[in-house]
Amino acid sequence: MKKDKKFLQSNDWAIEATGLVKVFGKERAVDGVDLAIQKGTVYGFLGPNGAGKTTTIRMLATLLPVDAGSARVFGHDLVSDSAAIRRRISLTGQYASIDEDLTGIENLMLIARLMGYTRRQAKVRAIELLEAFGLDHAAKRQVKNYSGGMRRRIDIAASIVVTPDLLFLDEPTTGLDPRSRNQVWDIIRALVRAGTTVLLTTQYLEEADQLADQIGVIHHGKIIAEGTSSELKASVGRGTLNVQLVHAEDQHRARTILEEKLDASVRLGADSTSLTAQADDSALVAESLAEFARQHIEVSDFSLGRPSLDEVFLTLTGQSAEQQQDSGEEIL
Amino acid sequence: MTVHLQTRESMKADTGTDERLLQAIASGARPEPPNAWSSTMAFASRALLRIKHVPEQMFDVTVFPIIFLLMFTYLFGGAIAGSTTDYLQFLLPGILVMTVAQITMYTGIDLNNDIRKGIFDRFRTLPIWLPSALIGALLVDVIRYSMASIIMIALGLMLGFRPEGGLWGVGFAIVLVLIFSFSLSWIWTTFGLIVRSEKSLMMISFLVLMPLTFISNVFVEPDTLPTWLQGFVNSNPISILATAVRGFMHGTGTWQQVAGVLLVSAIMTAIFAPLTMYLYRNKK
Ligand SMILES: Nc1ncnc2c1ncn2[C@@H]1O[C@H](COP(=O)(O)OP(=O)(O)O)[C@@H](O)[C@H]1O
Ligand SMILES: [Mg+2]
């Protein structure tokens, strides 16, 4: 993967950044971030609250001056050529950046007119977007009366009144219910299909997993791991299956089935009705459960835990802590 | 039985490609950026829409003038001038100046809100002549200031205000108030960009406007004051404006008074408009 990148022309990059730094007071909010994002791909910035995601995005979107480092967006220098960058990017901030007192259609028309559409064109464009985003029924409602998911969608719609070449999405689904989240994901996928490069931030591995071609894990302003979703997950290990049985006497039979199907070690719960096994293939889990049914083993509850961001984090930061200890011992 | 299992496949299933979505994305071609006039008008229409949707914000330009005028006329009228009708002739122009000066601070508050809510970030990434965002809003504020002026004068007329300057004199006086207020607004936009919250902005404007409006010739003739205070009162921008407004409403206005108002307005604009724009562009 890494080797291929060397053969790419410089004009294949949407973003190339080296050593980005932002200091707030004593805190290094962004502390030497390097990024290379290929055109037409989705890059996911994964990190907990306060990791420096928003700050990095705001610097790349020319909204915040950088304290050190440099970046090029579509080949334009971040500092000397910010006007050219602004003509190609769009930002959907972490908090809805629309006028909540105005209606949906008024907001979109305002942005469209500020982009240079005439009043009539602005209206046509606004209606087209409202329909495409499933908001036509709420076009004449004030945005402050929108649900969280609708608000997010109108915000994204405002960002693509003119389809940008690069879209920054700062935590686009935080706080949304699963249905709204899926709607936002669909929008992002459609944009990518149309050729837009997307840089999104998220606190959920699941989301980065679903959308991003490449993921960067950010922690204390530094990228501590980078790779595809499967590369990251592999670094964490496998998911965990928990099964709760109705009858205690089925426990041993259930264990045999899981060991066979999942090819993994199975732990028995102390209550003698529960089992835990490592599992990373949901299809095999489904097979195991089907086998339970065939053998009349009744299941009262089960869950498949995917590696969470917490686990990725624990593993990544844990490792680096160990490494620090190791090097400390060497010095001693 | 509860199921927490959600496979990747099941998530993919409900994400069918929506043709309308793709179509809408495909038709988002970039037009030529708007000129300064169109973007200013777009921002002005936003401000007008805000008045339509949040009519409460007209409270300050309708109720304030009425309360201020009634309160000061009947509270001080008897004590200061012996008769409320006599005092009204003197007081109304000053109260008009004071009221409009007070409500200019809402311009700063609106801007401060835009920044905190992130709308400002969106405007900053648009291909527009940036000052149009502020000028558009200020133009609509001028309409609000005119409303406040008209309401106050209408009420004054009912209470016995008799401007000897006639319609033209009153009209010209209002124009002076509007020019001054437009210029004064830039001070609040500057502070609106500096302070963190709406509250601190109100505090600052209170601290600035209280002494300026009360230690002025709005309520009393300066020659009744101690000499050391007269110097401040006479050079106070609010006094300069109040004198001119009073003069033109009563038909005794002079060009020196107009020049004074224009000079003060020009100074405020020359300092605070560029400062506002600098802060606006370079806001962290
Ligand atoms: N304007 C600011 N002033 C001071 N500190 C800030 C500012 N913006 C962010 N920070 C700090 O920088 C760190 C990174 O913040 P942020 O980029 O918002 O993180 P994230 O978006 O990943 O949650 C946080 O500790 C935050 O408190
Ligand atoms: Mg953030």
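What you are looking at is a predicted structure, and each value in this text was computed from that prediction instead of being measured. Reminder, nothing fancy here: chain letters follow the sequence lines and each chain counts from 1. Values below: all heavy atoms of this structure, side chains included; hydrogens, waters and symmetry mates excluded.
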Quick check: does any side chain N or O of R125(A) sit under 3.5 Å from a backbone N or O of A24(B), one acting as donor and the other as acceptor?
->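 Checking the backbone N and O of A24(B) against the side chain of R125(A), a donor-acceptor pair under 3.5 Å is found.
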R86(A) side chain to R124(B) main-chain N or O, any donor-acceptor pair under 3.5 Å?
->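 Yes, the answer is positive, given that a donor and an acceptor are paired below the 3.5 Å cut-off.
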Output the option from [options] having the highest count of non-hydrogen pairs under 4.5 Å with chain B.
| options | value |
| --- | --- |
| I85(A), T92(A), I111(A) | I111(A) |
| A194(A), A83(A), A158(A) | A158(A) |
| S159(A), S97(A), A132(A) | S97(A) |
| I98(A), L129(A), I89(A), N242(A) | I98(A) |

Separation of [Y] [atom2] from [X] [atom1] (nearest 0.5 Å):
| X | Y | atom1 | atom2 | result |
| --- | --- | --- | --- | --- |
| Q142(A) | L49(B) | CD | CG | 10.5 Å |
| I25(B) | I187(A) | CD1 | CD1 | 8.0 Å |
| R46(B) | D101(A) | CZ | CG | 8.5 Å |
| L21(B) | R189(A) | CG | CZ | 12.0 Å |
| R122(B) | N107(A) | CZ | CG | 8.5 Å |

Best-contacting candidate, G28(B), S45(B), A26(B), P33(B), against chain A by heavy atom pairs under 4.5 angstrom =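 Option with the top pair count is G28(B).
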Between chain A and each of K52(B), E32(B), R50(B), M41(B), count heavy-atom pairs under 4.5 Å; write down the option with the most.
->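 When all of K52(B), E32(B), R50(B), M41(B) are compared, R50(B) has the most.
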Relative to chain A, which segment of A42(B) carries a heavy atom at a distance below 4.5 Å: side chain, backbone, both, or neither?
->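 A42(B) touches chain A through backbone and side-chain heavy atoms alike.
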Proximity of residues 98-118 of chain B to chain A, residues having a non-hydrogen atom under 4.5 angstrom =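 The residues closer than 4.5 Å to chain A, in numerical order, are K117(B), G118(B).
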Which residues from residues 125-133 of chain B are near chain A, with near meaning under 4.5 Å between non-hydrogen atoms?
->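 Answer by number: T125(B), L126(B), P127(B), I128(B).
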Report yes if the side chains of [X] and [Y] come closer than 4.5 Å at any heavy-atom pair, otherwise no.
| X | Y | value |
| --- | --- | --- |
| L114(A) | S39(B) | yes |
| S27(B) | T163(A) | no |
| R88(A) | R30(B) | no |
| H53(B) | K144(A) | no |
| I119(B) | E100(A) | no |
| L110(A) | F123(B) | yes |

Considering only heavy atoms, which portion of T118(A) lies under 4.5 Å from any heavy atom of chain B: side chain, backbone, both, or neither?
->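 It is neither, since no heavy atom gets under 4.5 Å.
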Would you check, one step at a time, whether the test side-chain contact (heavy atoms from CB on, under 4.5 Å) holds for R113(A) with S38(B)?
-> CA-CA 8 Å; R113(A) 287 186 66 195; S38(B) 338; 5.7 Å; no
Enclosure of [X] [atom1] (heavy-atom neighbours >12, cutoff 6.0 Å):
| X | atom1 | answer |
| --- | --- | --- |
| E56(B) | CD | yes |
| F68(B) | CZ | yes |
| M71(B) | CE | yes |

Of all the heavy-atom pairs spanning Y117(A) and A29(B), show the shortest one and how long it is.
->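 So the minimum-distance heavy-atom pair works out to OH-O, 3.0 Å.
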Non-hydrogen atoms of P31(B) and V162(A) that approach each other most closely |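 Minimum heavy-atom separation between P31(B) and V162(A): CD-CG2, 3.8 Å.
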